[in-house]
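Hydrogens, waters and symmetry mates are skipped; everything else that's a heavy atom, side chains included, is used. All values derive from a computational prediction rather than experimental measurement.
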2 protein chains.
Amino acid sequence: MKSLHYSVDDALERLFEVTGVLTDAMSHVLDASTLTPARAEIIWRIGRQGPMTQRQLSAALRCTPRNVTGLVDALEGMGLVTREPHPTDRRATLVTLTDQGGETARDWGAGYRQLARHLFGDLDAGALASAIAALEHILERLRDPAADRIRTDNVVGREPSGP
Amino acid sequence: MKSLHYSVDDALERLFEVTGVLTDAMSHVLDASTLTPARAEIIWRIGRQGPMTQRQLSAALRCTPRNVTGLVDALEGMGLVTREPHPTDRRATLVTLTDQGGETARDWGAGYRQLARHLFGDLDAGALASAIAALEHILERLRDPAADRIRTDNVVGREPSGP
DNA sequence: TATTGTTATACTCTATAACTATA
DNA sequence: TATAGTTATAGAGTATAACAATA
């Protein structure tokens with residue numbers, strides 16, 4: 001171990017490093033498939049929660065309805081989803097996985113669990129609980145409204161420095 | 001506490017949640033500035049490591065040289081960086097922060113440290129070390145070559161299921 | 001011959017605004 | 001009047017390929 005005294009900056013640096021490596025890992029997976037991240041998230045969400053309207057997808061992905069139209073167009077063209085009529089609201093469409101889309105979602109689920117075992121499987125119950133406690137602490141602090149103030153207080157560039 | 005027995009899936013779910021919230025937080029910061037994520041990363045890296053060639057930026061950002069050209073064009077147009085001749089290699093350009101670009105980088109540094117205190121400042125030395133240990137364990141496992149195999153083993157979509 | 005950066009072209013994700021069909 | 005989804009248009013990030021200048 002390099003040091004017994006860590007600073008909070010050390011912790012944040014590790015945290016950013018983890019998010020970076022994990023993000024890279026995910027895009028690596030996607031490079032091997034024919035899916036882009038946004039399209040993959042739609043398959044993943046429908047796989048877990050069942051058919052959804054585009055409006056629900058728009059909210060889940062925090063993007064515009066227009067954007068969802070394009071993503072679903074592409075997935076439909078790839079044969080991974082279909083647009084089904086909504087049973088009660090004729091304005092809405094239910095985005096539904098095809099057999100191939102369902103297979104994709106299931107395989108990702110298996111990969112997810114395998115990754116979980118790889119990352120955390122060698123920890124004993126105490127170490128696992130401690131890791132989860134650390135992650136939950138970070139989540140709680142990130143969701144603290146005060147975090148918003150910190151983030152936006154330190155932004156330059158809204159106005160050029162000059163007059 | 002909800003449960004005393006966590007699964008590895010619980011841990012991975014928290015980890016993805018943390019990366020998602022942190023990513024959202026960062027794009028929130030950027031929405032308040034006039035910078036996009038890719039452009040911001042260039043400012044951030046040059047602010048920490050000093051002037052760099054576009055080739056170095058291309059490697060650091062893991063994107064193509066062509067992409068760097070466009071990003072530096074935009075930052076130059078915003079007055080945040082300049083292209084300076086390389087002292088010894090006349091093919092290369094050194095991307096350098098302007099005064100305004102330097103100010104942006106410094107303010108981000110301050111925000112970084114403030115966020116670090118917000119996230120981890122209330123932990124005692126033991127809890128901080130434990131959080132860092134958890135993050136380092138995750139990093140180590142993510143970098144294990146075996147992680148790659150897991151990720152790419154579970155990909156569907158490379159070939160359509162049919163013949 | 002290899003490397004640095006550029007021009008040319010194309011695809012994806014994203015957004016705003018205006019529109020149609022339905023509630 | 002409000003909502004679900006689409007068309008139209010535009011900006012940003014990314015990639016490959018071909019090319020110029022330099023090493």
Side-chain angles (χ1 to χ4, degrees), chain A residues 20 23-24 26-46 51-78 80-96 157, chain B residues 20 23-24 26-46 51-78 80-96 157:
Chain A
T23 302
D24 285 354
M26 293 312 295
S27 58
H28 223 225
V29 176
L30 294 168
D31 286 347
S33 82
T34 58
L35 284 173
T36 57
R39 296 173 190 179
E41 185 169 0
I42 287 183
I43 298 293
W44 174 253
R45 284 185 181 274
I46 298 181
M52 301 170 73
T53 67
Q54 298 191 188
R55 208 71 196 190
Q56 290 174 311
L57 286 171
S58 163
L61 274 69
R62 278 184 290 266
C63 69
T64 59
R66 174 62 186 92
N67 203 350
V68 174
T69 298
L71 297 170
V72 172
D73 283 351
L75 291 170
E76 207 173 22
M78 300 170 78
L80 296 178
V81 306
T82 56
R83 279 184 238 243
E84 303 295 337
H86 191 285
T88 64
D89 186 341
R90 285 199 296 166
R91 295 170 305 178
T93 63
L94 275 182
V95 183
T96 308
Chain B
T23 302
D24 284 354
M26 294 311 296
S27 59
H28 222 226
V29 175
L30 294 168
D31 286 346
S33 82
T34 58
L35 285 173
T36 57
R39 296 173 189 180
E41 185 169 2
I42 288 184
I43 299 292
W44 174 253
R45 285 186 181 273
I46 299 181
M52 301 170 75
T53 66
Q54 296 189 190
R55 208 72 197 190
Q56 290 174 312
L57 286 171
S58 163
L61 275 68
R62 277 185 290 267
C63 67
T64 60
R66 173 63 187 92
N67 202 350
V68 174
T69 298
L71 296 170
V72 172
D73 282 351
L75 291 170
E76 207 174 23
M78 299 169 81
L80 296 178
V81 307
T82 57
R83 278 185 240 242
E84 304 294 338
H86 192 284
T88 64
D89 187 340
R90 285 200 295 167
R91 294 170 306 180
T93 62
L94 276 182
V95 184
T96 308

query: Do A/Gln54 and A/Arg83 get their side chains close enough for a donor-acceptor pair, meaning under 3.5 Å?
result: yes
Is [X] near enough to [N] that one of its side-chain N or O atoms lies under 4.0 angstrom from OP1 or OP2?
X: A/Thr69; N: D/dT6; result: yes
X: B/Arg55; N: C/dT4; result: yes
X: A/Gln54; N: D/dT6; result: yes

Whole Å only: how far is the [atom1] atom of [X] from the [atom2] atom of [N]?
X: A/Gln56; N: D/dT3; atom1: CD; atom2: P; value: 15 Å
X: B/Ile42; N: D/dT14; atom1: CD1; atom2: C1'; value: 13 Å
X: A/Asp89; N: C/dA23; atom1: CG; atom2: C1'; value: 7 Å
X: B/Leu71; N: D/dG11; atom1: CG; atom2: P; value: 17 Å
X: B/Asn67; N: C/dT12; atom1: CG; atom2: P; value: 16 Å
X: B/Arg62; N: D/dA15; atom1: CZ; atom2: C1'; value: 16 Å
X: A/Leu30; N: D/dA15; atom1: CG; atom2: P; value: 14 Å
X: B/Leu57; N: D/dT14; atom1: CG; atom2: P; value: 12 Å

- prompt: Is a donor on one side and an acceptor on the other found under 3.5 Å between the side chain of A/Ser58 and the backbone of A/Cys63?
  reply: yes
message: Need to verify one output field. Residue with the more 5' nearest nucleotide on DNA chain C, A/Cys63 or A/Thr88?
response: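 Going by which nucleotide is closer to the 5' end, it is A/Cys63.
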task: By nearest nucleotide on DNA chain C, pick out whichever of A/Arg39 and B/Ala92 is the more 5' one.
output: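 With A/Arg39 and B/Ala92 compared, the 5'-side residue is B/Ala92.
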How about [X] and [Y]: do any of their side-chain heavy atoms sit closer than 4.5 Å?
X: A/Thr53; Y: A/Asp89; answer: no
X: B/Arg39; Y: B/Leu71; answer: yes
X: A/Pro65; Y: A/Arg55; answer: yes

- request: Kindly indicate whether the side chain of A/Arg66 and the base of D/dT6 share any N or O donor-acceptor pair separated by less than 3.5 Å?
  value: no
message: Tell me if the side-chain of B/Arg90 makes a donor-acceptor pair with the base of D/dT22, cut-off 3.5 Å, by modelled atom types.
response: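 In this structure, the two groups form no donor-acceptor pair.
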Among [options], the one nearest [X] by side-chain distance:
X: A/Pro65; options: C/dA23, C/dT4, D/dT6; result: D/dT6
X: B/Thr64; options: D/dA15, C/dA15, D/dA23; result: D/dA15
X: B/Thr36; options: C/dA15, D/dG13, D/dG5; result: D/dG13

query: Checking all strands, does A/Thr93 fall into the base, sugar-phosphate, or nothing category for heavy-atom contacts under 4.0 angstrom?
result: sugar-phosphate
